[in-house]
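Data first, discussion second: the structure below is written as structure tokens.
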Amino acid sequence: MIEVHDLHRHFGGFRAVDGASLQIEPKTITGLIGPNGAGKTTLFNVIAGVLPPTSGRVTMAGEDITGLPPHELFHKGLLRTFQIAHEFSSMTCRENLMMVPGAQSGETLWNTWFGRKRIANEERALRAKADEVLDFLTVTHLADQRAGQISGGQKKLLELGRTMMVDAKIVFLDEVGAGVNRTLLNTIGDAIIRLNKERNYTFVVIEHDMDFIGKISDHVICMAEGKVLAEGSLAEIKSNEHVIEAYLGTGLKNKDQLEGTPA
Ligand SMILES: Nc1ncnc2c1ncn2[C@@H]1O[C@H](COP(=O)(O)OP(=O)(O)OP(=O)(O)O)[C@@H](O)[C@H]1O
Ligand SMILES: [Mg+2]
């Protein structure tokens with residue numbers, strides 16, 4: 001589904017991504033791990049069009065998508081989760097879902113003048129869709145709450161919900177579990193697995209929580225120093241000498257992360 005060929009992203013002389021190559025198979029959940037500073041977020045940003053690469057190539061289903069802007073990738077079904085924008089914090093969770101660009105057919109002048117009824121119908125459909133998404137995520141009770149007032153974990157769920165308002169094919173999630181309590185993390189994990197099984201979503205998930213990675217991933221990729229260090233099952237990765245060395249080399253905190261010791 002996604003192929004990354006010899007990707008580089010340098011910041012001045014610093015090689016944040018330094019010749020990374022990998023493949024993401026369709027309808028899989030890939031866990032992307034690696035010590036702090038490994039280049040995981042930078043890799044996501046380059047794939048998702050947020051940062052241009054220094055060199056290298058990214059293809060999606062064989063098509064070269066290198067350096068395409070996020071909105072074009074969005075239309076191809078490639079989504080990096082959206083932060084809940086600050087300006088939407090006074091809107092309800094349902095309204096935040098209804099606002100996802102591309103979910104509605106757009107307020108053209110023509111629509112405003114001649115399509116009042118159509119707009120009303122469309123809004124009803126959009127509202128129904130948003131409610132269906134909230135139900136899928138088991139957070140129907142949040143529908144009328146302001147997005148600015150829900151917990152960090154609930155915001156992560158809402159981010160996932162926003163990908164469901166459009167036809168996402170592949171979704172990139174960066175530290176979806178950071179600062180999220182265990183119960184909510186399980187809800188997020190279950191939603192990811194169900195979206196994968198029931199709606200054929202492909203996921204690439206950056207996460208430091210190894211239990212979470214172990215629970216949801218079909219395949220794990222470990223990055224270090226801008227490169228792909230190892231690939232395989234989580235068990236294979238955890239026992240890989242180079243991986244252990246990479247985590248150890250960056251200090252005890254990272255080693256604990258690899259072993260899944262709660263922080
Ligand atoms: N805009 C930037 N300018 C300069 N250096 C950057 C920039 N963005 C990232 N870096 C550096 O690139 C390296 C990789 O950063 P990145 O955020 O991709 O790592 P990461 O694997 O996501 O780490 P973490 O697990 O801590 O989130 C880091 O050393 C970081 O300081
Ligand atoms: Mg990061």
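Counting convention: from 1, in listed order, for ligands and their atoms alike. Given the structure is predicted, the values throughout are model-derived calculations rather than measurements.
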>> Between ligand 1 and Gly39, is the shortest N or O to N or O distance under 3.5 Å?
In response: yes

>> Among residues at least two apart in sequence or on other chains, which ones pass salt bridge (Lys or Arg N to Asp or Glu O under 4.0 Å) with Arg57?
In response: none

>> Please tell me if atom 8 (N) of ligand 1 is touched by the protein, where touching means a protein heavy-atom distance below 4.0 Å.
In response: yes

> Salt bridge check: are Lys40 and Glu225 linked by an N-O gap of less than 4.0 Å?
Replying inline: no

>> I need the nearest protein heavy-atom contact for atom 13 (C) of ligand 1: residue, atom name and distance, please.
In response: Phe14 CE2, 3.4 Å

>> Does the structure place the NZ or CZ of Arg146 under 6.0 Å from the centre of the six-membered ring of Phe88, at an angle of no more than 45° from the ring's axis?
In response: no

> For residues 23-33, which residue pairs qualify under side-chain hydrogen bond (donor to acceptor under 3.5 Å, both in side chains), counting only residues two or more places apart or in two chains?
Replying inline: none

> Do any nitrogen or oxygen atoms of Ala16 lie less than 3.5 angstrom from nitrogen or oxygen atoms of ligand 1?
Replying inline: no

>> Quick check on contacts: which atoms of ligand 1 are under 4.0 angstrom from a heavy atom of Ala38?
In response: 19 (O), 20 (P), 21 (O)

> Among protein heavy atoms, which sits nearest to atom 26 (O) of ligand 1, and what does the distance come to when rounded to 0.1 Å?
Replying inline: Asn36 ND2, 3.0 Å

> Of the protein's non-hydrogen atoms, which lies at the shortest distance from atom 23 (O) of ligand 1, and what is that distance?
Replying inline: Gly37 N, 2.9 Å

> Taking the minimum heavy-atom distance to atom 21 (O) of ligand 1, which of Arg15, Glu225, His10, Lys40 ranks first?
Replying inline: Lys40

> To the nearest 0.1 Å, how far is atom 15 (O) of ligand 1 from its closest protein heavy atom, and which atom is that?
Replying inline: Thr42 OG1, 3.7 Å

> Are any side-chain N or O atoms of Glu198 and backbone N or O atoms of Leu195, one a donor and one an acceptor, separated by less than 3.5 Å?
Replying inline: no

>> As an exercise, identify every atom of ligand 1 less than 4.0 angstrom from a heavy atom of Glu175.
In response: 25 (O), 27 (O)

>> Does Gln145 have more than 12 heavy atoms from other residues, nucleotides or ligands lying within 6.0 Å of its CD?
In response: yes

> Salt-bridged, Lys76 to Glu63, with N to O below 4.0 Å?
Replying inline: yes

> With distance as the sole criterion, is a donor-acceptor pair present between the side chains of Asn45 and Arg80 under 3.5 Å?
Replying inline: yes

> What's the verdict on side-chain contact (heavy atoms from CB on, under 4.5 Å) for Leu173 and Ile206, showing C-alpha distance, side-chain angles and the deciding distance?
Replying inline: CA-CA 6 Å; Leu173 302 171; Ile206 297 179; over 6 Å; no

> Numbering the atoms of ligand 1 from 1, which are under 4.0 Å from a heavy atom of His208?
Replying inline: 25 (O)

> What is the nearest protein non-hydrogen atom to atom 5 (N) of ligand 1, stated with its residue, atom name and distance?
Replying inline: Phe11 CD1, 3.5 Å

> Under 6.0 Å from the CD atom of Glu241, do we count more than 12 heavy atoms belonging to anything else shown?
Replying inline: no

> If you count the atoms of ligand 1 from 1 in the order shown, which ones are under 4.0 Å from a heavy atom of Thr41?
Replying inline: 17 (O), 18 (O), 20 (P), 22 (O), 27 (O)

>> Can you check atom 30 (C) of ligand 1: any protein non-hydrogen atom closer than 4.0 Å?
In response: no

> Between Lys215 and Asp190, is there a salt bridge with N-O shorter than 4.0 Å?
Replying inline: yes

>> Can you count the protein N/O/S atoms lying under 2.8 Å from the Mg ion (ligand 2), leaving waters out?
In response: 1

> Looking at residues at least two apart in the chain, or sitting in another chain, which of them share a side-chain hydrogen bond (donor to acceptor under 3.5 Å, both in side chains) with Asn200?
Replying inline: none

>> Before you tell me yes or no, could you show the steps for Arg162 and Leu97 under side-chain contact (heavy atoms from CB on, under 4.5 Å), namely the whole-Å CA-CA distance, both residues' side-chain angles and the distance that decides it to 0.1 Å?
In response: CA-CA 6 Å; Arg162 287 167 65 97; Leu97 291 176; 3.8 Å; yes

